[in-house]
Amino acid sequence: YVEWHAELRLERNGKFAYYPVETTGGKVTMTRFEDSESIFLHPKVGASKKNDECVTWHEKVVLSNEAFAYEIEGNWYGNRVGHMDYDTGEFTFSHGGQDPSSFYIRPPFGETRDEHSCLLQYDKFVLAYTEELDRDGFGWGGARVAQIRDPSSSSSELYFGHGETNPDLFSFGEGSR
């Protein structure tokens, strides 16, 4: 199963991994790489989780490029922590701050998972920012669900939009540094 503070790869379709990369203008976004470096999976700030505990379905997670499982220089989980810009839907990395963005791990559309069951490596999931599972007009996972912009492109980016009826599915694979 997937453990808290684990070193992982965020994958789509079991082959492409997404990793934070600095783009023109200094913005750091999630971009596709076939042979990506790892990210780390941390609990929402304030949640009491041990390293050997499993991440369960419907829990909130923080994605970071750093292994720090604590606050450092006023930033939880380091200086490369995943954030969703609510105005643009872009997924970027920046300082963790005191309350970094956290995301729900949701089952694929039409499937259910017990909220106490462990997420396993390579389980397919929907990554959602919004709390609701299914909201009228927005689809599965709500108004802000992770999607891939131009999935056929080698530089496709992760962003958040309406879940619709078939949102993109991701999985966590083994990490490698």
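Just so you know, these numbers come straight off a predicted model, no measurement behind them.
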Step by step, work out the side chain to side chain contact (heavy atoms under 4.5 Å, CB included) result for F40 and N65. CA-CA 6 Å; F40 292 86; N65 188 32; 5.8 Å; no
Nearest heavy-atom neighbours spanning F172 and L10: CE2-CD1, 3.8 Å
Considering only heavy atoms from C-beta outward, does the side chain of P108 approach that of F125 to under 4.5 Å? no
Once you round to the nearest 0.5 Å, how far does CD1 of I39 lie from CG of L8? 6.5 Å
What is the distance from atom NE2 of H116 to atom CH2 of W57, rounded to the nearest 0.5 Å? 15.0 Å
Please tell me if the side chains of L63 and L41 come closer than 4.5 Å, counting only heavy atoms from C-beta onward. yes
Determine whether Y104 and E59 satisfy the following criterion, side chain to side chain donor-acceptor pair (under 3.5 Å), listing intermediate values before the conclusion. CA-CA 5 Å; Y104 290 95; E59 273 198 282; over 6 Å; no
Point-to-point distance, once rounded to the nearest 0.5 Å, from CZ of R144 to CG of D85: 9.5 Å
Do Y1 and Q121 have a side chain donor and acceptor closer than 3.5 Å? no
Going through the checks in order, is the side chain to side chain contact (heavy atoms under 4.5 Å, CB included) test met by V62 and V45? CA-CA 8 Å; V62 175; V45 172; 5.6 Å; no
Of Y159, F160, F170, which is the lone residue that meets ring-ring contact (aromatic ring centres under 6.0 Å, His included) with F91? F160
Under 3.5 Å: donor-acceptor pair, side chain of H58, backbone of D114: no
Shortest non-hydrogen separation from S64 to H42 and the atoms involved: CB-CD2, 3.6 Å
Hey, what do you get for OG (S171) to NZ (K124), rounding to the nearest 0.5 Å? 5.5 Å
Decide if atom CD of Q98 counts as having more than 12 heavy atoms of other residues, nucleotides or ligands within a radius under 6.0 Å. yes
Are W76 and V81 packed together at the side-chain level, in the sense that at least one heavy-atom pair is separated by less than 4.5 angstrom? no
Please evaluate residues E111 and R113 with respect to the criterion salt bridge (Lys or Arg N to Asp or Glu O under 4.0 Å), reporting the C-alpha separation (whole Å), side-chain torsions for both, the decisive distance (0.1 Å), and the verdict. CA-CA 7 Å; E111 296 182 21; R113 298 286 192 286; 2.9 Å; yes
Quick check for you: to the nearest 0.5 Å, what is the distance between E3 atom CD and E53 atom CD? 10.0 Å
Grab the two heavy atoms, one from P167 and one from V145, that are nearest each other, plus how far apart they are. CB-CG1, 3.8 Å
When rounded to the nearest 0.5 Å, the distance separating OG1 of T130 from NE2 of H162 is 9.0 Å
S102 side chain vs K44 backbone, donor-acceptor pair below 3.5 Å: no
